[in-house]
Undergrad: 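Before anything else, here's the structure in question.
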Amino acid sequence: MSKAKTIFLLDHSTKTALNPGSLVDLETRSRTGIPTENVAKPVWTCMLEACLEYSRIVWDIYPNHCFIRYIICDDDALEIGLWDTASQNVNHFMNLLSSVRSASSDSMIGRCIPAALDSLSEPTENEKGGKIKNECRLICIGSFNDDKHVRNLEVMCQELLNQKNRDIITSGKGLAITCLSIIFLNVYPDHFQVSKVSEMLCVDQSLQTYTDVYSVRAGNLSNFMTALVLKHYNLTSTTVTGIPMKEEQNASSSANYDVEIFHPSAAMEELIRGDVAGLVYAVKEGCEYRTATLKWNTPRVSINDLWYCSSAYRIAAVDVNSRPSSCLTNFLLGGRSVMLEMPKPGGSKMLSHMLSSHGGEIFIHTLVTTRSILEDPPSISEGAGGKVSDYRIDAFAEIMKSCRLAPFSSVEKEPLSKAYNKIERYTTFWPITSSKSYMAACQNIMGIFPNVIVKENLSEEEVNQCKQVIYNFMGMENRGDPLPVSNITSARSKKREEHYKNLFTELEQYLRAHCRSKQHHRVLDCLLECRSLAGEKIDEKGVIRANTDSPASPPLAKKAFAVTQGDKPISLYDYWLKNVIEEQSNRRVELVGRIKAGEGIAKLYQNLESERNLVSQL
């Protein structure tokens with residue numbers, strides 16, 4: 001959380017001024033060839049270096065907006081700097097710090113807290129003549145005895161803050177401190193094994209003060225303060241890789257170097273909002289923050305005032321005294337510009353940022369990687385995933401008409417919650433494209449079903465109409481009719497049974513989203529009952545018929561088949577022949593002789609013998 005004013009309370013006691021904080025490795029040898037011993041850097045020196053680096057980064061990126069002051073906690077509170085732009089620079093602070101006298105015997109941070117609160121209640125140049133929130137930050141750096149010592153200082157800060165705000169309200173002089181972030185930073189020498197102060201986070205019940213406690217080794221204090229400034233001012237780290245630079249020892253050869261810079265996080269957030277997922281982040285060695293990697297790009301044409309940028313932010317070099325940083329800074333201040341590229345997920349590269357100077361200050365420009373606002377508005381079919389031509393535009397227009405806001409009467413209760421519930425109900429199940437919805441693909445068969453279900457209440461006729469739609473789908477499934485789902489890509493590799501299963505699943509989701517009355521529950525119960533009777537045949541009238549072909553149907557019972565004629569059993573062939581003869585006899589007139597013979601055999605030409613005898617007598 002960025003604050004306009006920050007005060008450093010620096011403990012200038014014997015614990016910080018005399019204790020060796022870290023060792024400085026000197027690569028020198030004496031005349032005798034014996035290597036010199038390492039130089040011990042006091043904790044006080046480590047504290048000043050870290051605070052000055054913290055301040056330099058803030059002043060480089062937010063000049064004239066964020067102000068910093070130091071208070072040296074000695075026998076008396078020695079204030080370094082003022083709330084004006086003229087004193088907010090590293091040279092001014094270093095000149096004032098050079099006049100600090102020798103250290104006192106004990107820690108004096110507690111005695112200097114009132115002076116810090118008095119300074120925070122003073123307005124800066126930007127705070128004069130207006131009502132603003134006076135949100136400040138107090139960073140106490142020193143060597144504390146234990147957790148109890150830190151807790152006592154925290155309670156003292158809260159009590160003095162409340163008393164200071166009451167005095168300001170009574171007198172009307174100064175700015176009341178609306179929010180104070182207190183940070184206790186315990187610094188201990190590198191040769192200490194364990195810190196006596198544990199890290200913690202405390203929040204005041206009134207949400208007026210926030211307290212953070214950290215313990216850091218003196219040798220790692222600079223890296224820790226670098227990570228802290230990124231957190232306090234919403235900054236991010238970017239490493240420019242592949243910078244071509246001539247070797248210092250051999251001017252004829254060149255090598256590639258890397259330079260790390262800090263800038264506001266908004267420069268990268270522009271890419272995230274543009275759906276660019278190619279940024280490569282890596283944790284910097286020895287630090288607690290990540291850095292994004294962008295590669296140097298050398299364009300073949302002039303790039304000044306050529307590229308369309310969406311934003312520009314100041315930068316600050318991390319290692320400002322290194323040769324690569326100095327060369328890059330001089331190159332940009334000389335009027336040149338540098339293009340930075342980032343990898344894309346597909347393996348290609350894209351220009352994402354540009355480094356250029358304006359008025360003696362270096363800025364990082366975020367290039368527009370998406371469609372420019374100066375171009376014609378894109379078609380609705382040109383989405384992030386390519387051209388899509390089956391958006392449900394008409395259905396979306398109907399939702400917009402149904403969910404329009406209008407003035408409400410005083411009689412109606414909670415209209416806003418009612419509107420929220422309605423839009424949530426409409427969008428709980430609503431596919432964007434027709435190629436992803438079986439219901440949208442079967443719109444002609446659905447009829448008025450989708451428009452009726454969204455109503456608050458259903459009539460008896462509407463309930464019957466919705467049930468009829470369900471019965472129609474069940475009848476189509478039983479007859480083996482295919483669904484019109486040719487435009488659904490995922491349905492091409494599925495069987496017909498899967499199509500109906502997905503359709504009924506969408507119908508159930510749609511009904512549950514809009515189910516809020518007894519009539520809606522009746523339609524939902526009808527669907528659930530039909531799905532539970534998957535082994536039965538249901539026609540278009542809702543009549544359930546036995547389905548012997550279903551795997552769930554029991555097997556037919558095997559019965560013995562016996563045919564008798566009178567008391568004697570006959571074969572199946574004789575039985576069939578008898579039925580065929582009877583059927584054929586019914587189709588023609590029976591012979592008179594067969595009728596007279598009855599059950600016996602009919603004798604043909606009965607008078608033939610008598611005629612022969614008559615002839616022989618003649």
Undergrad: Report yes if the side chains of Glu53 and Met225 come closer than 4.5 Å at any heavy-atom pair, otherwise no.
TA: no
Undergrad: Does the plane of the ring in His12 sit parallel, tilted or perpendicular to the ring in Trp44? Use 30° and 60° as the thresholds.
TA: tilted
Undergrad: Can you tell me if Ser325 uses its side chain to pair, donor with acceptor, with the backbone of Asp319 under 3.5 Å?
TA: yes
Undergrad: Mind checking what makes salt bridge (charged side-chain N to carboxylate O under 4.0 Å, His left out) contact with Glu288, not counting sequence neighbours?
TA: none
Undergrad: Ser87 side chain to Leu82 main-chain N or O, any donor-acceptor pair under 3.5 Å?
TA: yes
Undergrad: Under the criterion ring-ring contact (aromatic ring centres under 6.0 Å, His included), I'd like the reasoning laid out for Phe144 against His149: C-alpha separation, chi angles, the key distance, then a yes or no.
TA: CA-CA 7 Å; Phe144 304 106; His149 185 196; 5.6 Å; yes
Undergrad: What residues form a side-chain contact (heavy atoms from CB on, under 4.5 Å) with Leu160, not counting sequence neighbours?
TA: Ile113, Pro114, Leu117, Met156
Undergrad: How long is the span from the NE2 atom in His365 to the CD1 atom in Ile315, to the nearest 0.5 Å?
TA: 10.5 Å
Undergrad: Where the side chain of Asn256 meets the backbone of Thr241, is there a donor-acceptor pair that is under 3.5 Å apart?
TA: no
Undergrad: Ignoring hydrogens and angles, tell me if any N or O in the side chain of His92 forms a donor-acceptor pair with the backbone of Val90 under 3.5 Å.
TA: no
Undergrad: Which of these passes side chain to side chain contact (heavy atoms under 4.5 Å, CB included) with His263: Leu235, Thr236, Thr366?
TA: Thr236
Undergrad: If you measure from OG on Ser311 to NE2 on His353, what distance do you get to the nearest 0.5 Å?
TA: 7.5 Å
Undergrad: Pair Cys73, Ile109 - check side-chain contact (heavy atoms from CB on, under 4.5 Å), show working.
TA: CA-CA 5 Å; Cys73 299; Ile109 289 183; 3.9 Å; yes
Undergrad: Residues two or more places apart in sequence or in another chain: which of them pass ring-ring contact (aromatic ring centres under 6.0 Å, His included) with Tyr70?
TA: Phe8, Phe93
Undergrad: Counting only N and O atoms by type, is there a donor-acceptor contact under 3.5 Å from the side chain of Gln88 to the main-chain atoms of Ile68?
TA: yes
Undergrad: I need the minimum non-hydrogen distance between Asn134 and Ala176, along with the two atoms involved.
TA: CB-O, 3.2 Å
Undergrad: Report yes or no: does Ser357 contribute a side-chain atom to a donor-acceptor pair with the main-chain N or O of Leu332 at less than 3.5 Å?
TA: yes
Undergrad: Which atom pair, heavy atoms only, marks the closest approach of Trp296 to Leu340?
TA: CA-CD2, 4.3 Å
Undergrad: Does the side chain of Ser222 come under 3.5 Å of the side chain of Glu49 through a donor N or O and an acceptor N or O?
TA: no
Undergrad: As an exercise, state the distance from CG of Leu185 to SG of Cys140, rounded to the nearest 0.5 Å.
TA: 9.5 Å
Undergrad: Contact between Pro264 and Ile61 at the side-chain level, heavy atoms closer than 4.5 Å - yes or no?
TA: yes
Undergrad: Here's a test for you: under side chain to side chain contact (heavy atoms under 4.5 Å, CB included), which of Val338, Asp258, Leu328 qualifies with Ile243?
TA: Leu328
Undergrad: Main chain of Ala292, side chain of Thr238: is a donor-acceptor contact present, judged purely on distance under 3.5 Å?
TA: no
Undergrad: Considering only heavy atoms from C-beta outward, does the side chain of Leu138 approach that of Cys136 to under 4.5 Å?
TA: no
Undergrad: Would you say that Ser352 contacts Leu294 through its side chain, given a criterion of any heavy-atom pair below 4.5 Å between the two side chains?
TA: yes
Undergrad: With Lys164, which residues qualify under side-chain hydrogen bond (donor to acceptor under 3.5 Å, both in side chains), at least two apart?
TA: Asp118
Undergrad: Looking only at non-hydrogen atoms, find the nearest pair between Pro324 and Tyr257 and report the distance.
TA: CG-CD2, 3.9 Å
Undergrad: With rounding to the nearest 0.5 angstrom, report the CD1 to CD distance, Ile168 to Gln163.
TA: 10.5 Å
Undergrad: Drop me the distance from Asp84's CG to Asn64's CG, to the nearest 0.5 angstrom.
TA: 10.5 Å
Undergrad: Relative to Tyr233, does Arg137 satisfy both conditions: NZ or CZ under 6.0 angstrom from the six-membered ring centre, and within 45 degrees of the ring's axis?
TA: yes
Undergrad: Check Glu260 against Ser237 and note the closest heavy-atom contact, atom names and distance.
TA: OE2-OG, 2.6 Å
Undergrad: Between the side chain of Ser215 and the main-chain N/O of Val197, is any donor-acceptor distance below 3.5 Å?
TA: yes
Undergrad: Set out, in order, the CA-CA distance, both residues' side-chain angles and the distance that settles side-chain contact (heavy atoms from CB on, under 4.5 Å) for Leu221 and Met47, then state yes or no.
TA: CA-CA 7 Å; Leu221 182 59; Met47 291 167 50; 4.0 Å; yes
Undergrad: Can you tell me if Ser99 uses its side chain to pair, donor with acceptor, with the backbone of Asn95 under 3.5 Å?
TA: no
Undergrad: If you take all heavy atoms of Ala266 and Tyr313, which pair is closest and at what distance?
TA: CB-OH, 3.2 Å
Undergrad: Below 4.5 Å, heavy atoms only, C-beta onward: do Asn165 and Ile177 meet side chain to side chain?
TA: yes
Undergrad: Tyr420: which residues meet the ring-ring contact (aromatic ring centres under 6.0 Å, His included) condition with it, sequence neighbours left out?
TA: none
Undergrad: Taking only residues two or more places apart in sequence, or in another chain, which ones meet Leu78 in a side-chain contact (heavy atoms from CB on, under 4.5 Å)?
TA: Ile72, Ile80, Val100
Undergrad: Test salt bridge (Lys or Arg N to Asp or Glu O under 4.0 Å) on Asp60 and Arg56; report intermediate values, then the result.
TA: CA-CA 6 Å; Asp60 285 349; Arg56 180 191 66 82; 3.2 Å; yes
Undergrad: Any side-chain heavy-atom pair from Pro63 and Arg314 closer than 4.5 angstrom?
TA: yes
Undergrad: State, with a plain yes or no, whether a side-chain heavy atom of Cys51 is found less than 4.5 Å away from one of Ile141.
TA: yes
Undergrad: Would you check, one step at a time, whether the test side-chain contact (heavy atoms from CB on, under 4.5 Å) holds for Cys287 with Thr226?
TA: CA-CA 8 Å; Cys287 299; Thr226 301; over 6 Å; no
Undergrad: Indicate the atoms forming the closest heavy-atom contact of Ile71 with Ala116, along with that distance.
TA: CD1-CA, 3.6 Å
Undergrad: Measuring from atom OG of Ser121 to atom NZ of Lys5, what distance do you get when rounded to the nearest 0.5 angstrom?
TA: 7.0 Å
Undergrad: Evaluate the side-chain proximity of Val58 to His232: yes if any heavy-atom separation is below 4.5 Å, no if none is.
TA: no
Undergrad: Do Ile182 and Phe184 pass the side-chain contact (heavy atoms from CB on, under 4.5 Å) test, and can you show the C-alpha distance, the side-chain angles, and the key distance before you say yes or no?
TA: CA-CA 7 Å; Ile182 307 173; Phe184 292 100; 3.5 Å; yes
Undergrad: Between Gln158 and Asn162, do the side chains contain a donor N or O and an acceptor N or O under 3.5 Å apart?
TA: no
